[in-house]
Number of protein chains: 2
Amino acid sequence: MSEQGVWQGLPEAIQARIRDGSQVVDIAAGEVLFRAGDGCRGLPLVVTGTVRVQMTGASGHSIVLYRVEAGDVCTLSIGCLMTGAGYRAEAVTESPVTVQLLPVVLFEQLMAQSPEFRQVVMAAYGRRLDDLMLLVEEVAFRRMDERLAEWLAGHRPRGEIRITHQQLAVELGTAREVVSRLLKELEHQGQLQLGRGVIRFLASSTSSA
Amino acid sequence: MSEQGVWQGLPEAIQARIRDGSQVVDIAAGEVLFRAGDGCRGLPLVVTGTVRVQMTGASGHSIVLYRVEAGDVCTLSIGCLMTGAGYRAEAVTESPVTVQLLPVVLFEQLMAQSPEFRQVVMAAYGRRLDDLMLLVEEVAFRRMDERLAEWLAGHRPRGEIRITHQQLAVELGTAREVVSRLLKELEHQGQLQLGRGVIRFLASSTSSA
DNA sequence: GGCGCTCAGTGACTAAGTCACAGTCCCCGG
DNA sequence: CCGGGGACTGTGACTTAGTCACTGAGCGCC
C-alpha cells in the first residue's frame, strides 16, 4: 500500500484537487497534535506514521481510544468541524508523521461533489464507531489478564518491546500497579523477562510443535 | 420541538423530498429493530419515541451504549450502509416508536445535493462518537456507586422508577449483584425504598434548605 | 392453595483498583 | 568516580467490583 491509500480509489481529478488544495505537514514523534478542548482548523489525513488518540478522565487516568494509521482520516476532527465543539480527546504522534491538511472549504466541496470521497469519509466514521464499541465491551466485561495477554501477543513477533508499565496501563485503561503485578506473574511463569522499560518474550514451547 | 426536528433547518424542497421518498413505520415498545450481525436496508430516523442501542459481550453481559431519541438519525445504520458490514450492536424500542426510513438511494442523493443534510448527518455522527468516548471513560475510570447515584439522580424527579436490578445493571454495564448491594446500601441510608421492580425515592433533606 | 417464574438478597471468594512507600536503575553534574 | 534526583518497578494492605452458588420473596395462574 503506497502513500495516501484512502484516496486511491478516487477519480484522478479529485486526487489532484486534494493534492493541490491541501497542505502537507511533517511532525516529529511524541508531539501533541491537539488536546481536549482545542478547536480544529481542517481535516487531517495521516499519510505516514501513526497517531494515538487517548483521553484522560477526571481522575487523571488515561486510556488509548484508538490509533489513526497511515491512510486514515481523523474522524474526530470532522465532528469538531461539524458541531463546532472542541475535541474531547487528545492526539499524540507515535512516530514521525506526515499529515495532509484539507482546508474546511475543500472538504465541503469534495463532500458535495464526489460520491467516492463521501464513501471514504463515512466508512472511516463507521470504523471508528465500531472501534469504540469494541473498546467499551473490552473495558466493561473482559478480564485484565486476558486483555494484557492479547496485547502482548500482538507485539510478540518483535521479540521484545520497549514500553513502561505506566504506558501499558494507559493502553489498557488500568492502573500501573495492576500491569506490574500481572507482568510479574507472567515472568514467574517463564513466559517473559522484565527489564526497566522493556519486556522480552521468551521462546517458550507455545510457538511450534 | 415538533416532529422530525432534525430536518427542520433544511430547505422546504429537501424536506418535501424526504417526506415523499421515505417510508414511515410504527413500532411497538420492546421490539428489536436489529441485532448484532444484521445487515441494514435504509437510514432510519426516529420521529417519536426512544430506541436503546446496546451490545452484549462474549460473557453474555450487556451494556447500553446510547439512546436514539426523537429527531436523531441512526448513525450505526450509516456505518453499515457504507462499509456493508453488519451491525455490531442491537437496537430495542423503549416506547412506541415512529421511524422514518430513507432508502439508500435517497440518502445518497441528499448527501450529494444538500449541504444542510450533510451537516445534520455528520453532526449526528460526531455526537455519537462523543457519547461513546464519554462512556469509555465512565466505564474505565469511574466508581460504580457514583455512576449509580448519577443515574438515579437523573430519574429522581419522577418520584419512583419501575426497573429491575438486572436492567439497571445493563444500563451501567455491571453485574446485577453489584447493583443490588449498592441499592441496599442507599436504602439503609434512607435515600430510597426498594420494591420488586420499583425504586421509590424518599424526600430526604437534600432537596431544599 | 400450590406451582413455577422472575426478581432480590447474601455469603464467600477472586479480580481489580488505590494508597503508600521502598527499592532500583540510570543519567548527569560536580 | 561518586552522589543526587528522577523515572521506573515491586509490594503489602486495603477497598471496590465482579463471580458463583444458593436462598427466599413476590406474584401470576391454573
Side-chain angles (χ1 to χ4, degrees), chain A residues 30 55-64 135-152 160-200, chain B residues 30 56-64 135-152 160-201:
Chain A
M55 86 183 300
T56 302
S59 54
H61 288 182
S62 299
I63 184 170
V64 173
L135 181 59
V136 167
E137 205 242 290
E138 282 244 332
V139 170
F141 301 132
R142 296 193 51 207
R143 292 177 45 123
M144 216 55 221
D145 51 359
E146 274 179 27
R147 299 216 287 132
L148 175 62
E150 205 163 275
W151 194 96
L152 291 173
E160 74 171 41
I161 30 182
R162 322 220 111 247
I163 193 173
T164 67
H165 298 183
Q166 179 55 55
Q167 289 172 307
L168 202 30
V170 171
E171 291 291 330
L172 300 173
T174 183
R176 200 257 316 158
E177 296 92 316
V178 173
V179 172
S180 286
R181 273 194 269 265
L182 290 174
L183 284 176
K184 207 71 201 163
E185 174 69 15
L186 293 176
E187 188 178 38
H188 284 148
Q189 291 173 18
Q191 299 195 28
L192 40 80
Q193 194 211 327
L194 299 176
R196 186 186 172 85
V198 63
I199 298 171
R200 269 178 283 272
Chain B
T56 301
S59 54
H61 287 180
S62 299
I63 184 170
V64 173
L135 182 60
V136 167
E137 207 243 289
E138 281 245 333
V139 170
F141 302 132
R142 295 193 53 208
R143 293 177 45 120
M144 214 56 216
D145 53 356
E146 274 180 28
R147 300 216 285 132
L148 175 62
E150 204 163 276
W151 193 96
L152 291 173
E160 75 171 41
I161 31 183
R162 319 222 112 247
I163 193 172
T164 67
H165 297 183
Q166 179 56 54
Q167 289 172 308
L168 202 31
V170 171
E171 290 290 331
L172 301 173
T174 183
R176 202 255 318 158
E177 296 93 319
V178 174
V179 171
S180 287
R181 272 194 271 266
L182 289 174
L183 284 176
K184 207 72 202 164
E185 173 69 14
L186 292 177
E187 188 178 39
H188 285 147
Q189 292 174 17
Q191 300 195 27
L192 40 80
Q193 193 212 326
L194 299 176
R196 185 187 171 84
V198 63
I199 298 170
R200 268 179 283 273
F201 295 100

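- Checking each of B:I199, B:D145, B:L192, B:L194 against B:L186 for a side-chain contact (heavy atoms from CB on, under 4.5 Å) leaves exactly one that passes, namely B:L192.
- In this structure, B:H61 and B:T56 have side chains that are not in contact, with every pair of non-hydrogen atoms separated by 4.5 Å or more.
- The shortest side-chain heavy-atom distance between B:R162 and B:E160 falls under the 4.5 Å cut-off.
- If you measure from atom CG of B:L148 to atom C1' of D:dT16, you get 14 Å, rounded to the nearest angstrom.
- B:V64 has its side chain out of reach of B:L135: every pair of non-hydrogen atoms, C-beta onward, lies at least 4.5 Å apart.
- Taking atom CZ on A:R162 and atom C1' on D:dC8, their separation rounds to 13 Å, with Å as the unit.
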query = Could you go step by step and tell me if B:T174 and B:L148 meet the side chain to side chain contact (heavy atoms under 4.5 Å, CB included) rule?
reply = CA-CA 10 Å; B:T174 183; B:L148 175 62; over 6 Å; no
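- The minimum heavy-atom distance linking B:A140 with A:I63 is given by the pair CB-CD1, 4.3 Å.
- Remark: the backbone N or O of B:G195 is not paired with any side-chain donor or acceptor of B:R200 at under 3.5 angstrom.
- For the residue pair B:E171 / B:Q167, no side-chain donor-acceptor distance below 3.5 Å is found, with atom types taken as modelled.
- For the helix from C:dG1-D:dC30 to C:dG30-D:dC1, the end axes, each set by the C1' atoms of five terminal pairs, are bent relative to each other by 10° (nearest 10°).
- Atoms CZ (A:R147) and P (D:dG18) sit 13 Å apart, rounded to a whole Å.
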task = Report, as a single string ordered 5' to 3', how protein heavy atoms within less than 4.0 Å touch nucleotides 21-29 of chain D: B base, S sugar-phosphate only, - not at all.
result = B---BBS--
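- Put simply, A:H165 has a side-chain N or O that comes within less than 4.0 Å of OP1 or OP2 on D:dG10.
- Between A:T164 and A:R176 there is no side-chain heavy-atom pair separated by less than 4.5 Å.
- Contact annotation for A:R143: backbone-only contact, meaning every heavy-atom pair under 4.0 Å involves sugar-phosphate atoms and none involves a base.
- Between A:Q193 atom CD and D:dG10 atom P there is a gap of 12 Å when expressed in whole angstrom units.
- Read 5' to 3', the first and last nucleotides of DNA chain C with an atom closer than 4.0 Å to a heavy atom of chain B are C:dT6 to C:dA12.
- Spacing between atom CZ of B:F141 and atom P of D:dT16 amounts to 19 Å, rounded to whole angstrom units.
- DNA chain C is contacted by both B:V198 and A:A175; B:V198 maps to the nucleotide lying nearer its 5′ end (nearest heavy atom per residue).
- Taking for each of A:V178 and B:H188 the nucleotide of DNA chain C with the nearest heavy atom, the 5'-most of the two is the partner of B:H188.
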request  = Go through A:R181 and A:H165 one step at a time and tell me if the side chain to side chain contact (heavy atoms under 4.5 Å, CB included) criterion holds.
outcome  = CA-CA 10 Å; A:R181 273 194 269 265; A:H165 298 183; over 6 Å; no
message = What verdict does the side chain to side chain contact (heavy atoms under 4.5 Å, CB included) test give for B:V136 and B:F141, after you've listed the backbone C-alpha separation in whole Å, the side-chain angles of each residue and the deciding distance to 0.1 Å?
response = CA-CA 8 Å; B:V136 167; B:F141 302 132; over 6 Å; no
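- Following rounding to the nearest Å, A:L194 (CG) and D:dT11 (P) show an atom-to-atom distance of 10 Å.
- Remark on DNA chain D: of its neighbouring residues B:L182 and A:I163, the 5'-side contact belongs to A:I163, judged by nearest-heavy-atom nucleotide.
- A pairwise comparison of heavy atoms in B:E137 and A:A58 identifies OE2-N, 3.8 Å as the closest pair.
- Annotation: of the two residues near DNA chain D, B:E146 and A:G197, the 5′-most nearest-nucleotide partner is A:G197.
- A:I199 places its CD1 atom 13 Å from the P atom of D:dC8, with the value rounded to the nearest Å.
- Atom CZ of A:R181 is separated from atom C1' of D:dG12 by 8 Å (rounded to the nearest Å).
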